[in-house]
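These notes concern the structure reproduced below.
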Protein chains: 2
Amino acid sequence: MARTQGSHSGTTGPRVRKAALGLFAQHGFAAVSMRQIAKEVGVQAGALYNYTPDKQSLLYELMFEHMDALLTARREEAVADMPPIKALENFVRFHIRFHIEKPDEVFIAYMELRALEDSNFAKIEALRRTYENELESILQRGIESGDFALDDARLATFAVLSMLTGVNTWFRAGGRLSLAEVETVYWNMVRRAVVA
Amino acid sequence: MARTQGSHSGTTGPRVRKAALGLFAQHGFAAVSMRQIAKEVGVQAGALYNYTPDKQSLLYELMFEHMDALLTARREEAVADMPPIKALENFVRFHIRFHIEKPDEVFIAYMELRALEDSNFAKIEALRRTYENELESILQRGIESGDFALDDARLATFAVLSMLTGVNTWFRAGGRLSLAEVETVYWNMVRRAVVA
DNA sequence: GTCTATAAAACGATAGAC
DNA sequence: GTCTATCGTTTTATAGAC
């Protein structure tokens, strides 16, 4: 074969996205050039435009796919009619696991919101809000049932999500703690902070 | 006077930093140009170089001053020989207050670490670590005294700091809750998550 | 589908006049 | 201390050959 250039069995598209994902997560969207992405993929910069109309769309699509995957995975995991405490444990463990499994996607989704154009921002923000609202409704149900001792479901939603998402600032696979242990440690802290 | 250009009573230096602070916080370091900063200040781009040797130094100095102010303020506020629970409440209230008072500085200090050159990063990271360590030592003391029910002081440090710093994602001055109320709500959650 | 080449604009930073 | 002007580089994105 000895093919030194040209298409690679139609896999260039995914490879462009993977390269962009890693570089955006490491250096930030604004700090990464199309030439850097092309170099990582092994093509010239012009070739990238076969796979994205522009740099902004590349970011938006990465973020949309992530948020869509998050909401889809959550829908598959959520169990209807769980009592509030069980529903909260289920949510906490899901959130920790999903975030640990996709650190680059999560990082971009949090850090690069400001790099989105207005209409793209609005779409991503709506998806993020949908996710937040599921936790808020669990907390609200628990307040009403008397299971949770909280003044304000919305504020507690932010506090819990901040704490859980923070796992990505320190967790490294293969470290001292396993995923299951991390899930349990965080669940214990959330449980005690929230449950009456 | 009708002075339309020239120096402004020696205040240009601080105004450059203030403009850079706001723009970096809003758009990110890499996305902001020296020309944007100059326009905000009301000078031409070349004049900025009377106040900073380059763009990187401007970022570093903003971050260093913030971390220095944080550690100085903390030293003034900390009380020696407090029992662990009181020391933790003191830390939580301090952290919330300081973060709410300086949202732009805090945001940059968290978001732009990756934009720092290696040697600048090392210096800022050391300051950040010093601050983290104070919370960790409070938690460790409380574990040893039996006041706190935690498996791991370091992990709990990350969890608590993430939760507290998250206040900046939603708090707006003049909103529904006062600073004092926010402090108390967060302290109640931290207390219950940590205290045995 | 990728290449080379380039257009058009923006970038950080500097020089020299005032 | 700020201006105007500019250097040299890099940027996103496009055009046309293969």
Side-chain angles (χ1 to χ4, degrees), chain A residues 1-21 23-24 26-63 108 112 114-120, chain B residues 1-21 23-24 26-63 108 112 114-120:
Chain A
M1 306 251 311
R3 179 158 61 176
T4 56
Q5 63 181 38
S7 83
H8 296 67
S9 314
T11 61
T12 304
R15 301 208 309 133
V16 168
R17 286 132 82 112
K18 189 175 177 187
L21 183 77
L23 287 168
F24 290 166
Q26 189 173 359
H27 304 292
F29 174 75
V32 172
S33 71
M34 295 298 270
R35 283 172 176 81
Q36 276 178 273
I37 298 169
K39 187 174 181 182
E40 183 100 347
V41 174
V43 297
Q44 293 298 315
L48 296 179
Y49 292 87
N50 288 316
Y51 303 98
T52 181
D54 52 34
K55 194 186 169 194
Q56 166 75 202
S57 299
L58 187 50
L59 175 64
Y60 171 70
E61 277 158 30
L62 289 173
M63 290 178 73
I108 290 173
E112 302 298 349
R114 64 187 173 186
L116 291 173
E117 291 169 0
D118 287 352
S119 79
N120 288 338
Chain B
M1 302 257 312
R3 178 160 61 179
T4 57
Q5 63 181 36
S7 83
H8 296 68
S9 313
T11 61
T12 305
R15 300 207 310 132
V16 168
R17 287 133 82 114
K18 189 175 176 184
L21 182 77
L23 287 168
F24 290 166
Q26 189 173 358
H27 304 292
F29 174 76
V32 172
S33 71
M34 294 300 271
R35 284 171 175 80
Q36 275 178 275
I37 298 170
K39 187 174 181 182
E40 183 98 348
V41 174
V43 297
Q44 292 298 315
L48 297 179
Y49 291 88
N50 289 315
Y51 303 98
T52 181
D54 52 36
K55 194 185 172 195
Q56 165 74 204
S57 299
L58 189 50
L59 175 64
Y60 170 70
E61 278 158 29
L62 289 172
M63 291 179 72
I108 290 173
E112 302 298 349
R114 64 186 173 189
L116 291 172
E117 291 170 358
D118 287 351
S119 79
N120 288 338

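We name chains A, B, ... by the order of the sequence lines, and we start the count at 1 in each one.
With dT14(D), dC3(C), dT6(D) as the choices, the nucleotide that has an atom nearest any side-chain atom of Tyr49(A) turns out to be dT14(D). The nucleotide whose nearest atom lies closest to any side-chain atom of Asn50(B) is, among dC3(C), dG1(D), dG12(C), dG1(D). The nucleotide whose nearest atom lies closest to any side-chain atom of Thr12(B) is, among dT2(D), dT11(D), dT14(C), dT2(D).
A heavy-atom distance below 4.5 Å is found between the side chains of Ile37(B) and Leu48(B).
Across all non-hydrogen atoms, the minimal contact from Phe24(B) to Arg114(A) is O-NH1, 3.7 Å.
Between Ser33(B) and the phosphate of dC11(C), there is a side-chain N or O to OP1/OP2 separation shorter than 4.0 Å. At the phosphate of dT4(D), OP1 or OP2 sits under 4.0 Å from a side-chain N or O atom of Gln44(B). Dashed line: the shortest gap from a side-chain N or O of Tyr51(B) to OP1 or OP2 of dT2(D) is under 4.0 Å.
One can place NZ of Lys39(B) at 12 Å from P of dA10(C), the figure rounded to the nearest angstrom. Atom pair Arg35(B):CZ and dA9(C):P shows a separation of 14 Å (rounding to whole Å applied). Per the geometry, CE belonging to Met34(A) stands 16 Å off C1' belonging to dC3(C), to the nearest Å. Remark: P of dC11(C) and CZ of Phe29(B) are 13 Å apart, rounded to the nearest angstrom. Residue Ile37(B) contributes atom CD1, which lies 11 Å from atom P of dC11(C) at whole-angstrom precision.
Without hydrogens or angle criteria, Lys18(B) side chain to Gly13(B) main chain gives no donor-acceptor distance under 3.5 Å. No donor-acceptor pair under 3.5 Å is formed between the side chain of Gln26(B) and the backbone N or O of Leu23(B). For the pair Ser33(B) (side chain) and Gln36(B) (backbone), a donor-acceptor distance under 3.5 Å is present. Proximity of a side-chain donor or acceptor of Gln56(A) to a complementary backbone N or O of Ala115(A) within less than 3.5 Å is detected.
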In a table with atom names and distances, give each donor-acceptor pair under 3.5 Å that connects a side chain of residues 38-47 of chain A to protein atoms at least two apart or in another chain.
none

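Listed by residue number, the members of residues 53-63 of chain A with any heavy atom below 4.0 angstrom from DNA chain D are Asp54(A), Lys55(A).
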